Amino acid sequence: MSFKIYNSLSRQKEVFEPITQGHVGMYVCGPTVSGESHLGHARPYITFDVLYRYLMYLGYKVRYVRNITDAGHFEEEGREAEDKISKKAILEKLEPMELVQKYTNLYHWAMLQFNCIEPTIEPTATGHIVEQINMIKKIISEGYAYEVNGSVYFDVKKYAEGHDYGKLSGRVLDDLLETTRLLDGQDEKRDKADFALWKSATPEHIMRWSSPWGDGFPGWHIECSAMATKYLGARFDIHGGGMDLLFPHHESEIAQSTICNHEAPVRYWMHNNMITINGKKMGKSYNNVITLRQLFSGDHPLLSQPIHPMTVRFFILQSHYRSTLDFSSEALVASEKALKRLWEAYENLKNLNAAHEGIAADAELDKQVNTWLNELHDFINDDLSTPKVIANLFEMAPVINGIKDKHIAADSLSAKTITRMQNDFRIFLEDILGLKAVSENDNELFQSIMQLLIDIRKEAKTKKDFVTSDKIRNQLTQMGIMIKDEKDGEMSWTLA
RNA sequence: GGUCCUUUGGCCGAGUGGUUAGGCACAGCUCUGCAAAAGCUUUUACAGCGGUUCGAAUCCGCUAGGGACCUCCA
């Protein structure tokens with residue numbers, strides 16, 4: 001079965017075929033670093049991290065470009081007003097690049113927590129002003145943009161004469177023209193549907209660059225077109241982002257790039273759905289965001305406890321990326337428990353001995369396990385159906401635990417099947433889904449001390465000295481370490 | 001107002017017309033010195049109405065609720 005992805009452009013699943021054999025060019029809209037990342041932002045980065053990982057697993061050489069939007073109308077909440085009065089000394093004023101640095105750092109930190117692999121190129125908008133200006137010049141010379149008072153606008157109406165403006169978002173231009181909303185600078189545009197390529201900066205606007213049209217800053221859409229073209233070429237394989245970017249951002253990106261490069265820029269458009277909270281999109285304008293720092297620390301009224309980044313990642317992957325996903329503390333806690341159980345099964349699986357030779361004693365079970373394993377590949381191939389992948393992994397957990405606990409005979413499965421399970425669990429859980437152990441306890445000294453405590457407890461139990469054995473267990477429990485008595489008299493422990 | 005999406009059991013969430021998604025919670029049982037964990041078993045569904053079909057959660061229509069985009073937005 002070949003890898004299929006849902007293409008927003010055709011509104012159906014298509015077999016993925018790269019433009020250049022063996023290589024994939026992928027662009028994902030990154031964060032605007034004027035504010036702190038929240039749970040909603042986590043979704044595309046985790047979704048496309050899984051895509052990136054899977055493409056690499058398939059053997060492709062992937063160039064993964066994810067931008068940082070650090071240019072535009074930047075101001076920190078609450079500081080706008082005072083900074084506009086620019087009579088303060090330079091060090092007292094908020095320097096836009098301070099904001100950019102602060103939130104870029106926070107964003108990188110969060111991505112690390114989520115175990116997201118860094119993109120191969122992470123270009124910034126401010127680092128590509130020249131490319132953007134050149135692109136705008138090209139669009140003007142092609143006759144699809146015009147300058148008014150130092151700002152440059154894209155002529156959508158003209159574009160629509162020869163191209164389908166709206167093919168991605170399903171928008172109809174005539175409907176857009178009827179929109180009666182009034183915005184700043186609308187009077188400069190020839191038409192309501194036109195969008196800015198370059199905005200003239202007012203005197204108090206701090207972020208500014210000189211251009212053929214005077215001091216100003218680039219429009220929102222042009223940076224992605226310029227940077228994608230530079231690093232991936234006029235036409236590349238995959239462009240990803242949130243559904244809320246479909247229009248106008250991606251629609252405009254197509255228009256700009258098409259005029260500039262004389263071909264449509266992207267083969268497969270992929271869009272993740274929103275994370276909602278009480279059914280409403282999580283977003284700054286709704287005042288319902290939970291920042292990643294709040295999530296990890298539990299410092300939010302809606303959270304009953306801190307949420308581990310791996311729990312968040314697992315929670316997100318338990319739903320399909322094109323469905324909305326509703327946030328609740330209960331759902332996160334459920335995911336935490338689920339992940340713990342699945343991961344323990346995975347650890348148990350690693351310790352199963354696949355050494356015995358011969359055929360499976362329980363042919364039916366062996367066959368069932370192999371079916372589940374085969375399906376893992378089918379599911380991930382089916383537009384990244386991570387919820388189904390996870391469901392199948394869960395199906396195998398009782399089998400693994402059963403063998404470990406000796407409910408199921410050790411030779412029920414063939415050695416080949418057990419080895420295959422071990423490989424596929426690692427491939428899917430770690431390599432593709434990008435999950436990792438929640439707690440690292442590979443400290444040798446700590447391990448030795450735990451072993452000592454376990455030995456003492458075992459001795460106490462043998463002597464039926466339950467006061468001592470219970471004391472060890474109870475005190476450790478209070479410290480967050482759980483002791484488990486195994487069937488065979490052995491003991492194991494986990495960090496809670 | 002325009003365009004589009006959605007409504008699944010206590011909760012979260014998969015579901016490509018025809019046999020159990022899965023997870024969490026709950027209950028019973030097994031194991032255990034007692035626990036925990038694990039395992040086994042089991043209970044709750046497809047918003048409503050109508051239609052197509054031998055058969056619909058799945059297709060079509062209507063009604064109701066929710067949502068997204070049209071403006072910065074992952």
Side-chain angles (χ1 to χ4, degrees), chain A residues 11 13 28-32 34-35 37-48 69 72-73 166 169-172 174-176 178-184 186 192-193 220 240-249 251 271-276 278-286 289 314-315 318-320 322-328 330-342 344-345 348 379 382 385-395 397-402 404-408 461 464-466 469-470 473-474 477 482-487 492 494 496:
Chain A
R11 291 170 184 78
K13 290 178 194 171
V28 173
C29 287
T32 301
S34 63
S37 295
H38 58 74
L39 177 59
H41 296 120
R43 196 171 197 189
Y45 306 134
I46 289 171
T47 297
F48 294 110
T69 299
H73 194 63
S169 58
R171 234 29 74 128
V172 177
D174 289 344
D175 294 341
L176 293 172
E178 283 170 21
T179 311
T180 53
R181 192 180 293 265
L182 280 172
L183 294 164
D184 284 347
Q186 284 285 29
K192 283 195 189 86
W220 176 37
M243 262 178 196
D244 49 355
L245 297 181
L246 252 158
F247 191 90
H249 187 53
E251 194 72 60
H271 292 93
N272 62 276
N273 214 320
M274 302 293 104
I275 286 184
T276 58
N278 294 321
K280 277 223 172 15
K281 173 186 171 181
M282 186 179 286
K284 208 165 141 188
S285 36
Y286 295 96
V289 302
F314 188 69
F315 170 70
Q318 271 184 301
S319 79
H320 190 262
R322 283 190 290 110
S323 303
T324 56
L325 172 59
D326 200 51
F327 163 89
S328 71
E330 296 73 32
L332 260 319
V333 171
S335 285
E336 180 183 278
K337 289 180 183 173
L339 175 59
K340 187 162 187 276
R341 187 163 85 86
L342 185 59
E344 279 181 23
N348 292 337
F379 291 157
D382 184 15
S385 294
T386 56
K388 289 181 174 180
V389 167
I390 291 171
N392 263 34
L393 292 173
F394 269 111
E395 294 277 15
V399 177
I400 294 163
N401 292 330
K404 185 204 165 227
D405 289 349
K406 305 191 170 48
H407 294 126
I408 298 174
K461 273 188 71 174
K464 299 215 184 293
D465 176 8
F466 297 124
S469 68
D470 283 355
R473 187 177 63 194
N474 294 340
T477 302
M482 217 191 295
I483 295 275
K484 294 181 210 165
D485 293 352
E486 306 290 346
K487 291 279 177 298
S492 64
T494 54

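As the structure is a computational prediction, the values presented were derived from the model and not from experiment.
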Between [atom2] of [N] and [atom1] of [X], the distance in whole Å:
{"X": "A:Gln318", "N": "B:G13", "atom1": "CD", "atom2": "P", "value": "10 Å"}
{"X": "A:Lys406", "N": "B:A38", "atom1": "NZ", "atom2": "P", "value": "17 Å"}
{"X": "A:Leu342", "N": "B:C24", "atom1": "CG", "atom2": "C1'", "value": "14 Å"}
{"X": "A:Met243", "N": "B:C72", "atom1": "CE", "atom2": "C1'", "value": "20 Å"}
{"X": "A:Asn272", "N": "B:A68", "atom1": "CG", "atom2": "P", "value": "15 Å"}
{"X": "A:Lys340", "N": "B:A36", "atom1": "NZ", "atom2": "P", "value": "13 Å"}
{"X": "A:Leu246", "N": "B:A68", "atom1": "CG", "atom2": "P", "value": "15 Å"}
{"X": "A:Met274", "N": "B:G67", "atom1": "CE", "atom2": "C1'", "value": "12 Å"}

Taking [M] as the reference, what is the distance to [N] when you measure between their [atom1] atoms (whole Å, please)?
{"N": "B:U63", "M": "B:U7", "atom1": "C1'", "answer": "13 Å"}
{"N": "B:U3", "M": "B:U8", "atom1": "P", "answer": "26 Å"}
{"N": "B:C26", "M": "B:G10", "atom1": "P", "answer": "16 Å"}
{"N": "B:U71", "M": "B:G1", "atom1": "C1'", "answer": "16 Å"}
{"N": "B:G23", "M": "B:C62", "atom1": "P", "answer": "39 Å"}
{"N": "B:U42", "M": "B:C59", "atom1": "P", "answer": "31 Å"}
{"N": "B:G2", "M": "B:G18", "atom1": "P", "answer": "36 Å"}
{"N": "B:A21", "M": "B:U44", "atom1": "P", "answer": "12 Å"}

Can you find a donor-acceptor pair, distance only, under 3.5 Å between [X] side chain and [N] base?
{"X": "A:Asn401", "N": "B:C40", "value": "no"}
{"X": "A:Arg473", "N": "B:C34", "value": "yes"}
{"X": "A:Asp485", "N": "B:A35", "value": "yes"}
{"X": "A:Asp470", "N": "B:G33", "value": "yes"}

Within the structure, does a side-chain N or O atom of [X] lie under 4.0 Å from either OP1 or OP2 of [N]?
{"X": "A:Lys337", "N": "B:A25", "value": "yes"}
{"X": "A:His41", "N": "B:A74", "value": "yes"}
{"X": "A:Tyr286", "N": "B:A74", "value": "no"}
{"X": "A:Arg341", "N": "B:C24", "value": "yes"}
{"X": "A:Ser323", "N": "B:A14", "value": "yes"}

So if I take every side-chain heavy atom of [X] and compare against [options], which nucleotide ends up nearest?
{"X": "A:Ala338", "options": "B:G23, B:C69, B:G39", "value": "B:G23"}
{"X": "A:His320", "options": "B:C12, B:G15, B:C69", "value": "B:G15"}
{"X": "A:Lys281", "options": "B:C69, B:A74, B:G33", "value": "B:C69"}
{"X": "A:Asp244", "options": "B:C69, B:C72, B:G15", "value": "B:C69"}
{"X": "A:Arg171", "options": "B:C12, B:A74, B:G2", "value": "B:G2"}
{"X": "A:Lys484", "options": "B:C34, B:C70, B:A36", "value": "B:A36"}
{"X": "A:Asp326", "options": "B:A36, B:C12, B:G23", "value": "B:C12"}
{"X": "A:Met482", "options": "B:C24, B:A36, B:G22", "value": "B:A36"}
{"X": "A:Pro44", "options": "B:C12, B:A68, B:A74", "value": "B:A74"}

- Task: Could you tell me whether the side-chain ring of A:Phe394 sits stacked on the base of B:G23, using a centroid cut-off under 5.5 Å and a plane angle under 30°?
- Result: no
Applying a 3.5 Å limit to both distances, which nucleotide forms a Watson-Crick or G-U wobble pair with [N]?
{"N": "B:G17", "answer": "none"}
{"N": "B:C24", "answer": "B:G10"}
{"N": "B:U3", "answer": "B:A68"}
{"N": "B:C59", "answer": "B:G51"}
{"N": "B:C34", "answer": "none"}

- Find which nucleotide of RNA chain B each of A:Lys464 and A:Leu325 is nearest to by heavy atoms, and output the residue with the more 5' nucleotide.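 Final value for this comparison: A:Leu325.
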- Message: Can you work out whether A:Ser328 or A:Met282 has the more 5'-proximal nearest nucleotide on RNA chain B?
- Response: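 That would be A:Ser328.
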At under 4.0 Å between heavy atoms, what does [X] touch on the DNA or RNA strands: base, sugar-phosphate, or nothing?
{"X": "A:Glu336", "result": "nothing"}
{"X": "A:Gly40", "result": "base"}
{"X": "A:Lys461", "result": "base"}
{"X": "A:Ser319", "result": "sugar-phosphate"}

Which atom pair, heavy atoms only, marks the closest approach of [X] to [Y]?
{"X": "A:Asn401", "Y": "A:Ala345", "result": "OD1-CA, 3.8 Å"}
{"X": "A:Val289", "Y": "A:Lys284", "result": "CG1-N, 3.6 Å"}
{"X": "A:Ser335", "Y": "A:Phe314", "result": "O-CD2, 3.6 Å"}
{"X": "A:Gly40", "Y": "A:Met282", "result": "N-SD, 3.7 Å"}
{"X": "A:Pro31", "Y": "A:Tyr45", "result": "N-OH, 3.0 Å"}
{"X": "A:Asp326", "Y": "A:Asn278", "result": "OD1-N, 3.5 Å"}

- Message: Are the side chains of A:Arg341 and A:Glu344 in contact, using a 4.5 Å heavy-atom criterion?
- Response: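 No, side chains not in contact.
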- Task: For the residue pair A:Phe327 and A:Leu332, establish whether any side-chain heavy-atom pair is separated by less than 4.5 Å.
- Result: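 Heavy-atom side-chain distance check passes, below 4.5 Å.
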- Query: Roughly how far, to the nearest 0.5 Å, is the CG atom of A:Asp405 from the CD1 atom of A:Ile400?
  - Reply: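 It comes to 12.0 Å.
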